[in-house]
Amino acid sequence: MAADGADRPLHPVQDWPVMGILATVVNVFVDEAGEHGNPLGIVWASTATRGHEQDIAADLGFSETVFIDEVDGRTVRARIFTPKQELRFAGHPTVGLAAWLRAAGDDIRHVAVPAGSARVRADGEFTWISADVDWAPEFELEQLDSPDEVDAVDPDAYTEGMHYVWAWLDEEAGKVRTRMFAPGLGIRTDEATGSAAIRLTAALGRDLQIEQGAGSRLVTHRRNLGREVEIGGRTTPGRDVELA
């Protein structure tokens, strides 16, 4: 962990309030002004959380909450939960967790989740992770004719499954407008979805600049002959919330 205790993220168990569990919240894939982005709950795993991860994720109500099992040198090991189920991998939790730990002084180079170990790199304001395409859940990719049509989609039109709706903003430049709906995961609509962006990048076979939700920004690069996709963006500093 960080050498300077003042900059260190709150540590598991002993620093948590007796009456509640402390979560840190960051917004991942914010725009240039630090606006929008997808909220992520970050919780240190402990005897108080083990076996209750699903309940905690549902109580927080974010599309994903990540539980840190261990920070070992340059690797953080973690598990990811939606309000309804555990995921083997997800994009915004891995990017957000790596960015938060790095901001606290940890030289994180890998985020290990059940699907595998995602490589991490930092470049200015951006934090990037590289993941195998097959780690990402299968989304139904639905191309529409215009960004306006994407904006007009009613989330309640979807009652099951996972859907990534998109249209070109500028095809030559690789810019797309997207929205995500995953009632199957307990997510009515998602502000920024790294795993869906990975699937779209692989399907189109090119790097992308993605505008999702109310104004979140994601950037992707194909790697290893398209078998991997690197996804990156900006993450806000953390703010603490307590679960009673």
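Remark: the backbone N or O of P137 is paired with a side-chain donor or acceptor of R199 at under 3.5 angstrom. Side chain of D106 to backbone of I108: no donor-acceptor contact under 3.5 angstrom is found. Side-chain atoms of T193 never come within 3.5 Å of backbone atoms of S195 as a donor-acceptor pair (strictly under, hydrogens ignored). Not one N or O on the side chain of R79 forms a donor-acceptor pair closer than 3.5 Å with the backbone of V113. Proximity of a side-chain donor or acceptor of Q54 to a complementary backbone N or O of Q85 within less than 3.5 Å is detected. The backbone N or O of P147 sits nowhere less than 3.5 Å from a side-chain atom of E149 that would complete a donor-acceptor pair. Side-chain N or O atoms of T94 include one that pairs as donor or acceptor with a backbone N or O of A90 at under 3.5 Å.
Under the 4.0 Å criterion applied to side-chain N and carboxylate O atoms, D107 and R74 are assigned as salt-bridge partners. Ionic pairing of R222 and E230 is not present here: no N-O contact between side-chain nitrogen and carboxylate oxygen is shorter than 4.0 angstrom. At a threshold of 4.0 Å, the pair D72-R77 counts as salt-bridged, since one of the basic side-chain nitrogens sits closer than that to a carboxylate oxygen. Salt bridge R177/D151: present, at least one basic N to carboxylate O contact under 4.0 Å. Between R217 and E211 there is a salt bridge, with a side-chain nitrogen of the basic residue lying less than 4.0 Å from a carboxylate oxygen of the acidic one.
Here the side chains of V43 and V66 are not in contact, with every heavy-atom distance at 4.5 Å or above. By the 4.5 Å heavy-atom criterion applied to side chains, L208 and R206 are counted as neighbours.
Less than 6.0 angstrom separates the ring centroid of Y158 from the ring centroid of H163.
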> Is there a side-chain hydrogen bond (donor to acceptor under 3.5 Å, both in side chains) between T220 and D207 once you walk through the steps?
Replying inline: CA-CA 5 Å; T220 66; D207 299 350; 5.5 Å; no
>> Walk me through whether W166 and Y164 qualify under ring pair (Phe, Tyr, Trp, His ring centres under 6.0 Å).
In response: CA-CA 6 Å; W166 69 280; Y164 202 48; 8.7 Å; no
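F81 and F67 have perpendicular rings, their planes meeting at more than 60° on a 0 to 90° scale where under 30° would count as parallel.
Across H92, H36, E35, E191, a single residue satisfies side chain to side chain donor-acceptor pair (under 3.5 Å) together with S216, and that is E191.
A distance of 8.0 Å separates CG of D132 from CG of N224, quoted to the nearest 0.5 Å. With rounding to the nearest 0.5 Å, the separation of CG in L200 from CD1 in I198 is 11.0 Å. The CH2 atom of W100 lies 5.0 Å from the CD1 atom of I68; values are rounded to the nearest 0.5 Å. Here CH2 of W44 is found 15.0 Å from CD1 of I21. Values are rounded to the nearest 0.5 Å.
I231 and V26 end up in the same hydrophobic cluster when Ile, Leu, Val, Met, Phe, Trp and Tyr side chains are linked at under 4.5 Å.
Checking N38 against N27 by side-chain atom types alone, no donor-acceptor pair falls below 3.5 Å.
The 12-atom threshold is not exceeded at CD of E160, counting heavy atoms of other residues, nucleotides or ligands nearer than 6.0 Å.
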